[in-house]
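Okay, structure first, notes after.
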Number of protein chains: 2
Amino acid sequence: MARLPEYLRALHALADAGHETVSSEGLANSAGVNSAKLRKDLSHLGSYGTRGVGYDVGLLIDQIESVLGLTQCRAVALVGVGNLGHALAGYDGFASRGFRIAALFDADPSRVGEEINGLVVRHVDELPRVAVQESISIGVIATPALAAQGVADQLVAVGVTSILNFAPCVLSVPEGVDVRKVDLAIELQILSFHEHRKASLTALPAAGGSALTALPGGLAVTDNQEAIGT
Amino acid sequence: MARLPEYLRALHALADAGHETVSSEGLANSAGVNSAKLRKDLSHLGSYGTRGVGYDVGLLIDQIESVLGLTQCRAVALVGVGNLGHALAGYDGFASRGFRIAALFDADPSRVGEEINGLVVRHVDELPRVAVQESISIGVIATPALAAQGVADQLVAVGVTSILNFAPCVLSVPEGVDVRKVDLAIELQILSFHEHRKASLTALPAAGGSALTALPGGLAVTDNQEAIGT
DNA sequence: AGGCGCTTGTGAAGAGGTGCACAAATCGCG
DNA sequence: CGCGATTTGTGCACCTCTTCACAAGCGCCT
Ligand SMILES: NC(=O)c1ccc[n+]([C@@H]2O[C@H](COP(=O)([O-])OP(=O)(O)OC[C@H]3O[C@@H](n4cnc5c(N)ncnc54)[C@H](O)[C@@H]3O)[C@@H](O)[C@H]2O)c1
Ligand SMILES: NC(=O)c1ccc[n+]([C@@H]2O[C@H](COP(=O)([O-])OP(=O)(O)OC[C@H]3O[C@@H](n4cnc5c(N)ncnc54)[C@H](O)[C@@H]3O)[C@@H](O)[C@H]2O)c1
């Protein structure tokens with residue numbers, strides 16, 4: 001389930017706050033989901049709660065981390081140390097969540113050799129050697145869209161089977177390789193859609209309801225992220 | 001639908017490549033989805049295709065942009081010009097997709113006044129004045145998690161009803177305000193989960209199937225992003 | 001020990017997304 | 001003008017996810 005990481009973050013926050021146990025209700029609030037959904041999710045990985053009491057925070061953290069495969073720190077390779085790549089390389093929030101940025105790569109010779117956060121940028125040609133040496137398990141692509149497919153092919157060639165792609169394009173990869181994409185422009189456009197929808201809903205009933213600007217039908221609002229708060 | 005932006009990107013790419021029309025099959029391949037799904041999605045916003053021919057690329061772009069509310073360029077305010085904020089502020093890919101970063105804010109006095117990409121970083125206290133002046137329609141939060149809720153409250157207070165949150169925390173906002181979050185650690189953890197699952201699946205049938213490392217049940221693999229390519 | 005309140009785990013119903021398969025519609029060509 | 005090739009639009013069945021509601025279980029208090 002894609003919500004497990006969310007639960008994990010909420011659990012860590014609760015653990016830091018000194019809580020020993022949580023009820024499904026409390027954890028659900030912290031994670032921003034329905035309590036029934038949370039219980040069903042957790043029940044899928046076993047019965048780790050105590051009726052009448054709740055869930056043991058520490059135990060649940062261990063269990064979720066175990067299921068997510070976070071028991072060992074995973075090595076991440078970042079390809080494309082540009083604008084965005086710099087920010088990612090300089091981010092220290094990954095280490096605390098079970099990941100270690102193990103290598104930085106770029107194709108631009110003028111960037112190779114640069115040191116960021118204690119890591120030296122290597123040329124992308126060194127990927128095969130370094131990937132084995134550092135036992136890379138996840139590749140992150142932060143290159144321009146045109147180079148992304150090529151980089152993905154290189155990553156796949158050295159045995160990487162999980163890729164996080166920031167370039168705004170679809171990657172074609174062999175079966176068995178997982179790709180997740182993060183496209184910030186898409187996120188903004190979805191927000192724009194909601195803005196537009198809200199504006200239409202509030203304007204039309206008040207005004208004469210001009211058919212020109214009206215949305216054709218209801219147009220289902222499904223963007224797989226719960227949005228309405230509180 | 002959350003897939004419309006994806007279609008829009010594919011359509012722009014096709015338009016740049018000189019295509020006048022596309023079949024649902026072709027566009028579906030470019031966007032990485034099923035052709036039936038694409039047709040159903042497009043049918044929700046009207047009949048803009050011609051049977052036997054396909055869709056007019058230009059017309060479809062106009063229609064989707066109209067539905068997404070991208071006919072006018074939307075002004076975006078970015079709060080938190082740190083590591084990540086710098087990368088976002090320096091990114092020129094938003095302008096081409098209908099967004100204009102109109103203002104940068106930070107609470108750190110030493111950052112205020114800094115110029116990035118032609119924009120001056122302002123103090124967050126100026127938000128109310130600038131928000132009205134620039135008619136901000138979307139707020140982006142790139143501050144540490146502890147400050148995120150406060151910034152969200154400030155954004156809501158000045159009338160922003162769409163927020164993109166990069167801080168790893170859940171935001172509580174009034175009804176009618178849309179929040180989308182981008183948490184890179186969660187993306188990595190989902191990939192880690194898939195890595196773990198793949199490792200278990202390939203190792204267990206070969207080895208003796210030690211019950212210790214086995215996943216409890218099947219554990220549905222649902223992460224609302226189609227992953228398997230080609 | 002027994003009852004009581006609280007919480008988990010889960011069955012079942014409802015809702016919604018997905019993909020197949022096909023009728024309807026359009027264009028090009030003979 | 002008619003026919004076939006092609007492609008859209010959609011009814012339908014299937015399936016997953018969501019949510020409610022409640023029984024079962026646990027701890028605590030008397
Ligand atoms: N910067 C942002 O805030 C932002 C936001 C959304 C999306 N993106 C996307 O992220 C990607 C990177 O953005 P950016 O702003 O960092 O771009 P950038 O141009 O600053 O950096 C790209 C880097 O990739 C390197 N590169 C190019 N081809 C390469 C190759 N074949 N192998 C290895 N490295 C290669 C370049 O040398 C450069 O250093 C782009 O696809 C962009 O669309 C960025
Ligand atoms: N850098 C990354 O690659 C990355 C990746 C994933 C998530 N994030 C998240 O994005 C957020 C920002 O990350 P970062 O690396 O840029 O951190 P950062 O510390 O470099 O930048 C944070 C900025 O926010 C400013 N700030 C703090 N409180 C503020 C307030 N109340 N109002 C306005 N500005 C305020 C700070 O002055 C600072 O400039 C964090 O929540 C982080 O967890 C960052």
Side-chain angles (χ1 to χ4, degrees), chain A residues 1-7 10-11 14 19-60 63-64 67 190 193 216-228, chain B residues 1-7 10-11 14 19-60 63-64 67 190 193 216-228:
Chain A
M1 291 284 183
R3 285 183 294 270
L4 288 181
E6 197 80 37
Y7 302 156
L11 283 167
L14 287 168
H19 290 73
E20 292 280 338
T21 60
V22 230
S23 70
S24 64
E25 191 76 24
L27 182 54
N29 283 348
S30 298
V33 300
N34 188 301
S35 70
K37 197 192 301 191
L38 181 136
R39 285 201 300 275
K40 184 146 293 193
D41 286 345
L42 295 186
S43 74
H44 284 328
L45 34 104
S47 293
Y48 296 111
T50 308
R51 299 177 187 221
V53 177
Y55 297 92
D56 183 290
V57 176
L59 176 64
L60 204 49
Q63 287 301 328
I64 293 181
V67 169
I190 293 175
F193 166 66
L219 192 56
V221 183
T222 312
D223 53 12
N224 56 11
Q225 263 198 12
E226 45 278 298
I228 311 172
Chain B
M1 289 286 182
R3 286 184 294 270
L4 288 180
E6 197 79 38
Y7 302 157
L11 283 167
L14 288 167
H19 291 74
E20 291 281 339
T21 61
V22 231
S23 69
S24 64
E25 191 76 24
L27 182 54
N29 283 348
S30 298
V33 299
N34 187 300
S35 70
K37 198 191 302 191
L38 181 136
R39 285 200 301 276
K40 186 151 295 192
D41 286 346
L42 294 186
S43 74
H44 283 329
L45 35 103
S47 292
Y48 296 111
T50 309
R51 300 179 186 219
V53 177
Y55 297 92
D56 183 290
V57 175
L59 176 64
L60 204 49
Q63 287 302 327
I64 293 181
V67 169
I190 293 175
F193 166 64
L219 193 56
V221 183
T222 310
D223 53 10
N224 56 11
Q225 263 199 14
E226 45 279 298
I228 311 172

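In the text below, chain A, chain B and the rest are named by the order of the sequence lines, each starting its count at 1.
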Practice item. Respond yes when some side-chain nitrogen or oxygen of A:Asn34 is under 4.0 Å from OP1 or OP2 of D:dC20, and no when none is. Key: yes
Practice item. Report the distance from atom CG of B:Leu38 to atom P of D:dT10, rounded to the nearest whole Å. Key: 14 Å
Review point. Of all the nucleotides listed (C:dG19, D:dT18, D:dG9), which has the minimum atom distance to the side chain of B:Ser43?
Key: D:dG9
Practice item. Give the rounded distance in Å between these two atoms: OH of A:Tyr48 and C1' of C:dT7. Key: 19 Å
Exercise for review: Ignoring the backbone of B:Lys40, work out which of D:dC26, C:dT10, C:dG19 is nearest its side chain.
Suggested key: C:dG19
Check your understanding: What are the two closest heavy atoms between A:Ala2 and A:Pro5, and how far apart are they?
Key -> O-CD, 3.4 Å
Review point. When you match B:Thr50 and A:Thr50 each to their closest nucleotide on DNA chain C, which lands nearer the 5' end?
Key: A:Thr50
Study note, to complete from the structure: Of A:Arg39 and A:Val53, the one whose closest nucleotide on DNA chain D sits nearer the 5' end is A:Arg39
Practice item. Would you please test B:Thr50 and B:Thr21 for side chain to side chain contact (heavy atoms under 4.5 Å, CB included) and show each step? Key: CA-CA 10 Å; B:Thr50 309; B:Thr21 61; over 6 Å; no
Exercise for review: Decide yes or no, distance alone: a donor-acceptor N/O pair under 3.5 angstrom between the base of C:dT26 and the side-chain of B:Arg51.
Suggested key: no
Check your understanding: Checking all strands, does A:Ser47 fall into the base, sugar-phosphate, or nothing category for heavy-atom contacts under 4.0 angstrom?
Key -> sugar-phosphate
Review point. Yes or no on side chain to side chain contact (heavy atoms under 4.5 Å, CB included) for A:Tyr48 and A:Asp56, after CA distance, side-chain angles and deciding distance?
Key: CA-CA 8 Å; A:Tyr48 296 111; A:Asp56 183 290; over 6 Å; no
Point to revise | Selection from D:dT18, D:dA21, C:dG19 that lies nearest to any side-chain heavy atom of A:Ala36 | key: D:dA21
Revision key, fill the gap. Closest heavy-atom pair, B:Glu25 versus B:Ser35, reported as atoms and distance to 0.1 Å, is OE1-OG, 3.4 Å
